[in-house]
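In what follows, chains carry the letters A, B, and so on, assigned in the order in which the sequence lines appear, proteins first and then strands, with residues in each chain numbered from 1.
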Amino acid sequence: MPWRETIDPYLIWVSEIILQQTTVRQGEEYYNRFVTAFPTIESLATAEQDAVLKLWEGLGYYSRARNIHHAAQDIMIRFGGQFPDTHKDILSLKGIGPYAAAAIGSFAYGLPYVVVDGNVLRVISRLYGITAPVDVTTTVKDIRAKAQALLETQDAATFNQAIMEFGAMMCTYKNPGCDSCPLIRSCRAYQEEMVPAIPIKSKRIKKTTRYFHFLLLEHNEKLVIEQRSSKGIWQGLYQFPLIEKKEAKDAPSLHEVAQIASINEQPPQVSEVYKQTLTHQYIVARFYKYSCKTVPKEVKMIRNTALIEYAWPKIIRQYLTDEGYLA
DNA sequence: AAGGCGGGGTT
DNA sequence: AACCCAGCCTT
């Protein structure tokens with residue numbers, strides 16, 4: 001892993017943000033492309049947000065891309081382009097929380113702050129037999145304090161790397177290697193046969209289903225696109241004009257489509273159903289291709305060949321790939 | 001303190 | 001299809 005062979009805080013920062021909620025296998029390619037495109041803080045700070053999002057396309061949690069971009073600009077202003085070297089300053093950057101601040105600080109500068117990621121939550125909660133839910137603030141604070149005490153005078157970078165690796169390789173969520181674990185004599189969960197039950201989580205997420213109808217409005221060999229803004233999913237990414245329905249059986253009416261653009265008489269070319277599961281939502285989407293007589297002046301229109309230049313949500317990118325638009 | 005935010009992996 | 005994986009921001 002290239003980011004383990006450097007003490008450059010910028011490279012470590014990029015890798016830690018990408019590797020959050022992402023497997024190493026998937027993240028590695030994104031990391032390489034990102035640091036090639038933006039080798040320095042300054043190059044990232046001066047980039048367009050669209051360019052940053054394009055490199056993040058398909059990775060998910062796009063606020064990470066917006067935040068790292070914003071933080072790079074912040075570093076130029078507040079720290080003269082030098083990545084800050086105190087825990088407090090690192091933590092003040094947007095998109096960097098307790099985990100990332102401890103990881104970057106220890107790996108780049110040897111700052112003595114323990115990392116608490118999912119691995120560490122699991123290791124420490126099992127070691128101390130913690131049956132309080134690990135997804136509440138007070139429990140995380142307790143676990144951080146216990147982990148910090150274990151770090152004590154040890155080398156922070158080595159300790160942080162080791163405890164995360166131990167969680168990932170030995171103290172795994174399923175099928176942990178208790179049979180060969182060097183810590184079973186001190187592991188409360190093992191002694192009380194609680195290993196499979198810990199860590200305990202309290203929150204359940206309920207998913208809502210949303211029905212999206214994307215309109216491909218064609219006029220003069222161009223398509224109408226728009227950028228998602230404000231709140232909700234896929235902020236900053238691009239999409240086609242969207243009509244959302246509450247029920248599966250609903251389809252956009254001619255009248256609704258006509259309000260967006262003046263369409264020709266022939267019926268639209270309707271795609272198959274595309275589905276995507278998000279953390280809190282289940283998306284069901286169809287795509288409708290219309291030929292238009294006119295479109296409103298203020299909309300953004302691009303040629304088919306330019307579609308590849310924009311950052312799309314996974315479900316739209318899948319459709320565009322299937323239709324040969326990105327080939 | 002609670003909820004929202006993608007996408008991938010395993011069973 | 002139904003489960004799991006996670007750190008940070010906003011409200």
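Not one side-chain nitrogen or oxygen of A:R66 sits closer than 4.0 Å to the OP1 or OP2 atom of C:dC9. In terms of phosphate contacts, A:Q21 brings no side-chain nitrogen or oxygen within less than 4.0 Å of OP1 or OP2 of B:dG8. Look at A:K207 and you won't find any side-chain N or O under 4.0 angstrom from OP1 or OP2 of C:dC3. A close approach under 4.0 Å does not occur between any side-chain nitrogen or oxygen of A:Q276 and OP1 or OP2 of B:dG6. Taking 4.0 angstrom as the limit, A:T137 places a side-chain polar atom (N or O) nearer than this to OP1 or OP2 of B:dA1. Distances shorter than 4.0 Å separate none of the side-chain N or O atoms of A:K174 from OP1 or OP2 on C:dC3. Residue A:Y62 places at least one side-chain N or O under 4.0 Å from the OP1 or OP2 atom of B:dG7.
Note on A:T279: a base of the nucleic acid sits closer than 4.0 angstrom, heavy atoms only. Contacts of A:Q235 with the nucleic acid, taken as non-hydrogen atoms under 4.0 Å apart, are absent. As judged by a 4.0 angstrom heavy-atom cut-off over every strand, A:I96 is placed among residues touching the sugar-phosphate backbone only.
Ranking C:dA6, B:dG9, C:dC9 by closeness to the A:N67 side chain, first place goes to C:dC9. Among the nucleotides C:dT10, B:dG6, B:dG8, the one closest to any side-chain atom of A:K314 is B:dG8. Considering only side-chain atoms of A:K94, the nucleotide from C:dC5, C:dC9, C:dC8 that sits closest is C:dC9. Listed candidates were C:dC8, B:dG7, B:dC5. Nearest to the side chain of A:W234 is B:dG7.
Using a 30° and 60° split on the angle between ring planes, A:W13 and A:Y10 fall in the perpendicular class, above 60°.
Here C:dG7 presents its P atom at 13 Å from CD1 of A:I104, a figure rounded to the nearest Å. As a whole-Å value, the separation of A:D135 CG from C:dC8 P is 16 Å. The nearest whole Å value for the distance from the CD1 atom in A:I18 to the P atom in C:dG7 is 16 Å. Atom CG in A:L19 sits roughly 14 Å away from atom C1' in B:dG8 (whole-Å rounding). Rounded to an integer number of Å, the gap from OH of A:Y99 to P of C:dA6 is 11 Å. Remark: P of B:dG3 and OH of A:Y61 are 15 Å apart, rounded to the nearest angstrom. Taking atom CG of A:L121 as the reference point, atom P of C:dC4 lies 16 Å away to the nearest angstrom. In this structure, the CZ atom of A:R64 is 14 Å from the P atom of C:dA6, given to the nearest Å.
With hydrophobic clusters built from ILVMFWY side chains whose heavy atoms lie under 4.5 angstrom apart, A:I41 shares a cluster with A:V35. A:V284 is not connected to A:I316 by any chain of hydrophobic side-chain contacts under 4.5 Å among Ile, Leu, Val, Met, Phe, Trp and Tyr, and they are in different clusters.
Both A:L237 and A:V136 lie close to DNA chain B; mapped to their nearest nucleotides by heavy-atom distance, the more 5′-ward contact belongs to A:V136. Two residues, A:G232 and A:T138, neighbour DNA chain B, and the one matched to the more 5' nucleotide by heavy-atom proximity is A:T138.
Taking atom P in both C:dC3 and B:dG6, the straight-line distance is 22 Å, to the nearest Å. One P atom belongs to C:dA6, the other to B:dT11, and the distance between them is 16 Å to the nearest Å.
With hydrogens and angles disregarded, a donor-acceptor distance shorter than 3.5 Å links the side chain of A:H219 to the backbone of A:K293.
Taking only distance into account, the side chain of A:Q26 never meets the base of B:dG8 through a donor-acceptor pair shorter than 3.5 Å.
Between A:F214 and A:F240, the distance separating the two ring centers is not shorter than 6.0 angstrom. The aromatic ring centres of A:F34 and A:F38 sit less than 6.0 Å apart.
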Apply side chain to side chain donor-acceptor pair (under 3.5 Å) to A:Q20 and A:R64, showing your working.
-> CA-CA 9 Å; A:Q20 283 170 12; A:R64 292 183 294 171; 5.5 Å; no
